[in-house]
**Q** 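Let me begin by handing over the structure; questions about it come next.
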Number of protein chains: 2
Amino acid sequence: MPGSSPQTSPQTLPGGAAFLLSQVGAHVAARFSESVAPFGLKPYHAGILSVLANKPGLTQQSLADLLGIFPSRLVALLDDLAKLKLIERRATPSDRRTYALHVTRAGTEMWQTIGKQAEQMEEDICASLSAKERATLAELLTRIVTQQQITPGVHPGFRKLGGGSCDDEAGSKR
Amino acid sequence: MPGSSPQTSPQTLPGGAAFLLSQVGAHVAARFSESVAPFGLKPYHAGILSVLANKPGLTQQSLADLLGIFPSRLVALLDDLAKLKLIERRATPSDRRTYALHVTRAGTEMWQTIGKQAEQMEEDICASLSAKERATLAELLTRIVTQQQITPGVHPGFRKLGGGSCDDEAGSKR
DNA sequence: TATTGTTATACTCTATAACTATA
DNA sequence: TATAGTTATAGAGTATAACAATA
């Protein structure tokens, strides 16, 4: 592509704050994914650990509601965590259909280890920002989270897609 | 000293700027996905349109390299766009193996329509921020993009995963 | 009859490898 | 022999539906 048409001014998309947010967000998510991979975990495992650490005793149903995923999907994720002895399902005396979900001792330690790594990652990602600028960034983002009614501490990456009526005109058939 | 008392204070993760970035980024991405769905498009279709609008004449190979995806995957995506008459593959006289990728007239219009919708979305997402604060946000994010060596205008969501050696200890077998 | 957790199935998406036609 | 594009295949990931146990 010689020349690459100097006339075409960079359109709206790549310049705007929204695109930048999505771009940097995806980058951070990828980095985080790498940081938990050595433990045999995926980001959503860490997300579940995070929620359960702060809200112990949830049932699977209520956790699925909170995260916005299907209970059937949650089963496999909890199986993974239970196999690693990071969480446990405790029987509920009052209702024998439900389990109370709890983070184990090992799970708490894992959670803290992940937290430390996340701090280090943040240090790296915000390396070009001063302490004051980081605070500003966090403040602005927090305001967006509040105004957009995103559940604090819950990653939207969990949410089921279903959003718009995807006509799927562009479905790749062959 | 993991106290791990029942009243665990909100740990590092959900509070930090990194988590917020990932959280808001995923939210923006989901919103954008909804905004292009009515056209029968997915976000990566828009991403391709964006790149080709600014760099016309790329070959599929070089485009795949730029986006960080496998050429085989690109084929289906380009087929989708070509079926909708938004892009076209032009024969290259010098090398009959390659195609020069170009955005059609309709593709340019689509690209502009998407851009307008994106502006509107940004307006909504940044509603709680003043004009000056938006500029600050964009500036801080741009600095992160530069320092983290993210390709400007290219969304990392494209990139092939392979990152870390995922032992997959937590593979859900049954 | 309704609900919780689980299992089973189908569908989508993506990576890998094989294939063709040009060079 | 090497490269661009394509096709084919297989594997992961996820949504939907059916199921057993309990309320």
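Order of the sequence lines fixes the chain letters, A, B, ..., with proteins taken first and strands second; residue numbering starts at 1 for each chain. Keep in mind it's a predicted model, so treat the numbers as computed, not measured.
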**Q** Report the distance from atom CG of A:L74 to atom P of C:dT4, rounded to the nearest whole Å.
**A**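 Roughly 13 Å, once rounded to whole Å.
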**Q** Is A:E122 paired with A:R31 through a side-chain N to carboxylate O contact shorter than 4.0 Å?
**A**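 Looking at A:E122 together with A:R31, the answer is no, because their closest N to O distance does not fall below 4.0 Å.
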**Q** Nearest whole angstrom, please: distance from the C1' of D:dT6 to the CG of B:L63.
**A**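 Whole-Å distance recorded here is 16 Å.
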**Q** Send over the distance from B:R89 CZ to D:dA4 P, rounded to a whole Å.
**A**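 Interatomic distance, CZ of B:R89 to P of D:dA4: 16 Å.
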**Q** Among the nucleotides C:dT6, D:dT14, C:dT4, which one has an atom lying closest to any side-chain atom of A:T98?
**A**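 For the A:T98 side chain, the nearest candidate turns out to be C:dT4.
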**Q** Side chain of B:Q60, heavy atoms from C-beta onward: which of D:dG5, C:dG5, D:dT14 has the nearest atom to it?
**A**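 Output: D:dG5.
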**Q** For A:T146, check side chain to side chain contact (heavy atoms under 4.5 Å, CB included) against everything at least two apart and list the hits.
**A**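 Counting only residues at least two positions away or on another chain, A:T146 forms a side chain to side chain contact (heavy atoms under 4.5 Å, CB included) with A:T142.
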**Q** List the protein contact pattern of nucleotides 16-23 of chain C with one symbol per nucleotide (5' to 3'): B for base contact, S for sugar-phosphate-only contact, - for none; contact means a heavy-atom distance under 4.0 Å.
**A** BB----BS
**Q** Not counting sequence neighbours, list each pair that qualifies as a side chain to side chain donor-acceptor pair (under 3.5 Å) and has a residue in residues 18-28 of chain B.
**A**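 Every pair satisfying side chain to side chain donor-acceptor pair (under 3.5 Å) with a residue in residues 18-28 of chain B: A:Q148-B:H27, A:H155-B:S22.
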**Q** Taking only side-chain nitrogens and oxygens of B:Q61, does any of them come within less than 4.0 Å of OP1 or OP2 of D:dA4?
**A**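 So the side-chain polar atoms of B:Q61 do come within 4.0 Å of the phosphate oxygens OP1 or OP2 of D:dA4, strictly under.
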**Q** If the threshold is 4.0 Å, N to carboxylate O, is there a salt bridge linking A:R134 and A:E123?
**A**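 Yes.
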**Q** If I take atom CZ in residue A:R159 and atom C1' in nucleotide D:dA15, what distance separates them, rounded to the nearest angstrom?
**A**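 Interatomic distance, CZ of A:R159 to C1' of D:dA15: 15 Å.
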**Q** For A:I69 and D:dG13, give me the distance from atom CD1 to atom C1', rounded to whole Å.
**A**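 It works out to 13 Å between those atoms.
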**Q** If a pair satisfies salt bridge (charged side-chain N to carboxylate O under 4.0 Å, His left out) and one of its residues is in residues 136-158 of chain A, list it, with sequence neighbours excluded.
**A**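 Residue pairs with at least one partner in residues 136-158 of chain A: A:E139-A:R143, A:R143-B:E133.
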**Q** Closest approach to the side chain of A:K42, judged atom by atom: which nucleotide of D:dA4, C:dT6, D:dG13 is it?
**A**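 For the A:K42 side chain, the nearest candidate turns out to be D:dG13.
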**Q** If I take atom CG in residue A:L101 and atom P in nucleotide C:dT4, what distance separates them, rounded to the nearest angstrom?
**A**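 To the nearest whole Å, that distance equals 13 Å.
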**Q** Could you state the atom-to-atom distance from CG of A:D79 to P of D:dG13 in whole Å?
**A**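 Rounded to the whole Å, the gap is 15 Å.
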**Q** Write down the distance between CG (A:D80) and P (D:dA12), rounded to a whole number of angstrom.
**A**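 Whole-Å distance recorded here is 13 Å.
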**Q** Looking at residues at least two apart in the chain, or sitting in another chain, which of them share a side chain to side chain contact (heavy atoms under 4.5 Å, CB included) with B:Q117?
**A**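 Partners of B:Q117 under the side chain to side chain contact (heavy atoms under 4.5 Å, CB included) test: B:S35, B:F39.
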**Q** Under the side chain to side chain donor-acceptor pair (under 3.5 Å) definition, can you give me all pairs with a residue in residues 57-70 of chain A, not counting sequence neighbours?
**A**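 Side chain to side chain donor-acceptor pair (under 3.5 Å) check on residues 57-70 of chain A returns A:T59-A:S62, A:Q60-A:R89.
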